[in-house]
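First the structure, in the form of structure tokens, and then the observations on it.
The shown structure was predicted, so the numbers you read here are calculated from the model rather than taken from an experiment. Throughout, residue positions are numbered sequentially from 1 according to the sequence presented. Whatever order the structure lists ligands and atoms in, that order sets their numbers, starting from 1.
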Amino acid sequence: MSTSVADNLAQVSKEIDRMCRHTGAPAAQPRLIAVSKMQPEDRVIEALEAGHRVFGENRVQEAQGRWLPLKERFPDIELHLIGSLQSNKAGDAVALFDVIHSLDRIKLADALKKEMDAQGRNLPVYIQVNTGREEQKGGASLEDLPGLLDHARKIGLNVVGLMVIPPVDDDPTLHFALLKKLAARHGLKGLSMGMSGDFALAAAMGATDVRVGTAIFGNRS
Ligand SMILES: *Cc1c(COP(=O)(O)O)cnc(C)c1O
């Protein structure tokens, strides 16, 4: 892909805007998380220089290496952790990130809460749901979701929504619809859904956060 990152960002925003208008919900524009994992530094700088400030990473260590230096130059950056998190990395994650999208088990909820208390932070958290019942994938099962949510709320985590990564071979709309239903049932407003192939669809279905990598930066190295 030879298009500039700035052009891609504008194009993605335009498509989201068009979709939201189309569904008559212009007030509900989702937040565009530019997923910078495994992207070359110069592409990320391009996005920053185009004025974009919201980024997603899926590994704590890789994100630290990239963003700790960049945060000095661009202090208003907002970082989202979208990949699975080991409990022993909770401290580093809470220190670096502003939003966590991948809470999927009680042990991790406890670790995050402990670190947030210790660091005096209270990050918004999404619970990732494994709607496709894929063994290799992170996310709470449909059966475990109510108990996990209950626990997270009880210990005082700020749970704001649900997150999904649909199975690659499925129609994503089924998973987006299910996520929306689950969120409504549990009184949650946030819907983190939609990637490069389906962000416009997700926006039309009420996503509050879309996570877009390759459509902005090109293929990952
Ligand atoms: C990598 C990743 C994305 C972005 O995927 P693209 O297809 O490059 O847009 C979104 N969400 C999660 C959880 C990811 O790991």
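Atoms of ligand 1 lying under 4.0 Å from any heavy atom of Arg211, numbered from 1 in the order shown and given with element: 4 (C), 9 (O), 10 (C), 11 (N), 12 (C), 13 (C). Those atoms of ligand 1 with a heavy atom of Thr214 less than 4.0 angstrom away are 6 (P), 7 (O), 8 (O), 9 (O). For ligand 1, the atoms lying closer than 4.0 Å to a non-hydrogen atom of Val212 are 9 (O).
Atom 2 (C) of ligand 1 has as its closest protein heavy atom Lys37 NZ, 2.6 Å. Considering only non-hydrogen protein atoms, atom 12 (C) of ligand 1 sits nearest to Ile82 CD1, 3.4 Å. When only non-hydrogen protein atoms are considered, atom 5 (O) of ligand 1 lies nearest to Met195 CE, 3.6 Å.
The backbone N or O of Gln39 lies less than 3.5 Å from a partner atom in the side chain of Arg66, making a donor-acceptor pair. Although no hydrogens or angles enter the test, the distance criterion places a donor-acceptor pair under 3.5 Å between the side chain of Gln119 and the main chain of Gly91. Not a single donor-acceptor pair under 3.5 Å links the side chain of Thr3 to the backbone N or O of Asn8. Using a distance-only test at 3.5 Å, with no hydrogens or angles considered, no donor-acceptor pair links the side chain of Arg211 to the main chain of Ile33.
Only the side chain of Arg220 comes within contact range of ligand 1, with a heavy atom under 4.0 Å; no backbone atom does.
The N/O atoms of Gly213, backbone and side chain alike, include one that comes under 3.5 Å of an N/O atom in ligand 1. Where the criterion is an N or O separation shorter than 3.5 Å, residue side chain and backbone included, Ser196 meets it with respect to ligand 1.
No donor-acceptor contact under 3.5 angstrom links the side chains of His80 and Asp98, judged on distance only. If you check the side chains of Ser196 and Thr214, you find a donor sitting under 3.5 Å from an acceptor.
Salt bridge annotation for Glu115-Arg121: absent, with no cationic side-chain nitrogen under 4.0 angstrom from a carboxylate oxygen.
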